[in-house]
Protein chains: 2
Amino acid sequence: MAKRISLADADCPVARALHVIGDWWSLLIIRDAFDGVRRFSAFQTGLGIAKGMLSARLRDLVERGVLATEPASDGSAYRDYVLTERGRELFLVIVALRQWGEDHLYRRGERHSFLIDVTNGEPVARLELRSADGRALRWNDTRVQGAGEKCKPRSVAPRPKVTSRRRR
Amino acid sequence: MAKRISLADADCPVARALHVIGDWWSLLIIRDAFDGVRRFSAFQTGLGIAKGMLSARLRDLVERGVLATEPASDGSAYRDYVLTERGRELFLVIVALRQWGEDHLYRRGERHSFLIDVTNGEPVARLELRSADGRALRWNDTRVQGAGEKCKPRSVAPRPKVTSRRRR
DNA sequence: CGTTTCTGGTTCTAAATTAGAACTAGACGT
DNA sequence: ACGTCTAGTTCTAATTTAGAACCAGAAACG
């Protein structure tokens, strides 16, 4: 009665994504993979994660096609964990999280790492949402359409039935 | 000895972000909030989450400034949970997750909801990363710079010391 | 007004998950 | 050939979770 609820078959793409990478460690492992970490021990020391947990998370990520193992690039008999194409496409998720963290989770004057363009060393541009024809969009310029049960659109947001609206 | 490791003071903005919204339920609660859900019972039935868990997650999100409570919009004496400015800026994180989920987690022909521009009903443009001067960037056109201990750049990715490179 | 139902929780319990330590097999280095 | 390193697995104790039961105050009802 305490097994975590599965999101695997939700209608919402967000829920499905979280089913795959929504636990405490997966995105950190993936972030490290983007930073060039490939070996079990490197993930382990870089994250400070318990070996058993790392082992389980890597197995899940490989199973779900986000990571793959390949022969170690240094020619040893060990194996490297590398991002698959599916995994590499999580880059924007990491960038979006990074941008939000940079914006909201540092005190004034506190320094943090940032993402630069390797061709010229300049910080990358801010991520932003645009319409099909290129206008910048804010959250309330959009709506979810074609939702199934687990993805209710704003228009029909259920509200507990309160008939009168007296405030006392 | 099994308390979850805290990410609060990590150097990496990604880790800090995950400290705030990186658990199993928070992003789903936030997604529902973007879809217009405001009431405790609406979150509960929409997510199928246990009341105790929802109560704890809402408390944390309010504490961390992602949500706030305000008098219910229908005039009753109850309270609504609404996104703060900080919370609304998580929109791109949700959009990035949605895009990845849509791209990789549906079988051919399986339908899913999608995000549309309310002004014309068309799907929004794909999210993409650009350089300061507007060039599209891929993950390997970028690098993390100014990393602290928990954010190792690719260039110094630690690798177990293996001096020879014989494969046997 | 008095009673019933709904809302928004809190508390309790059993099961699952986690962190960390200890152990191990096979690869490496010398 | 021997000792060390890597990449795990296994074990235990503590924490977290899901779900049910309980409860106080607000709203609806007559």
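A note on names: the letters A, B, ... follow the listed sequences, proteins ahead of strands, and every chain is numbered from 1.
- Relative to the six-membered ring of B/Y106, B/R111 misses at least one condition, a distance below 6.0 Å or an angle of at most 45° to the axis.
- With D/dT17, C/dA27, C/dG9 as the candidates, the nucleotide lying closest to the side chain of B/R4 is D/dT17.
- At C/dG9, none of the side-chain N or O atoms of B/S55 fall inside 4.0 Å of OP1 or OP2 (strictly under the cut-off).
- For the pair B/R57 and D/dT16, the criterion of a side-chain N or O lying under 4.0 Å from OP1 or OP2 is not met.
- Sorted by residue number, the list of members of residues 60-67 of chain A with any non-hydrogen atom under 4.0 Å from DNA chain D is empty.
- Comparing C/dC28, C/dG8, D/dT16 by their closest approach to the side chain of A/S76 singles out C/dC28.
- Here A/R79 does not reach the OP1 or OP2 of D/dT6: none of its side-chain N or O atoms lies under 4.0 Å away.
- Candidate nucleotides D/dA18, D/dA7, D/dT16 were compared by shortest atom distance to the side chain of B/A50, and D/dA18 ranks first.
- Candidate nucleotides D/dG8, C/dT10, D/dT17 were compared by shortest atom distance to the side chain of A/F40, and D/dG8 ranks first.
- Atom CH2 of B/W24 and atom C1' of C/dT18 are 14 Å apart (whole Å).
- With respect to A/R130 and A/D141, no salt bridge is recorded, no charged nitrogen being found less than 4.0 Å from a carboxylate O.
- Remark: B/R108 does not engage B/E110 in a salt bridge, criterion side-chain N to carboxylate O under 4.0 Å.
- Atom CD in A/Q44 sits about 13 Å away from atom C1' in D/dT9, given to the nearest Å.
- Summarising the geometry, the separation between CG on A/L47 and P on C/dT18 is reported as 15 Å, rounded to the nearest angstrom.
- B/R38 pairs in a salt bridge (Lys or Arg N to Asp or Glu O under 4.0 Å) with only one of the listed residues (B/D80, B/D32, B/D74), which is B/D80.
- An OP1 or OP2 oxygen of D/dA7 is reached within less than 4.0 angstrom by a side-chain nitrogen or oxygen of A/R39.
- Using a 4.0 Å heavy-atom criterion, one finds that B/Y81 contacts the sugar-phosphate atoms exclusively.
- Using the six-membered ring where Trp is involved, A/F114 and A/H112 have ring planes that are perpendicular, over 60° apart on the 30 and 60° scheme.
- Salt bridge present: B/R57 and B/D60 bring a charged side-chain N and a carboxylate O closer than 4.0 Å.
- Residues B/F40 and B/Y81 keep their aromatic ring centres 6.0 Å or farther apart.
- Considering only side-chain N and O atoms, B/W25 lies under 4.0 angstrom from the phosphate OP1 or OP2 of D/dA18.
- Minimum atom distance to the side chain of B/K51 is reached by C/dG9, of the listed C/dG9, C/dT18, D/dT17.
- Contact annotation: B/S41 side-chain N/O to C/dT7 OP1/OP2 distance is not under 4.0 Å.
- Taking atom CG of A/D23 as the reference point, atom P of C/dA16 lies 18 Å away to the nearest angstrom.
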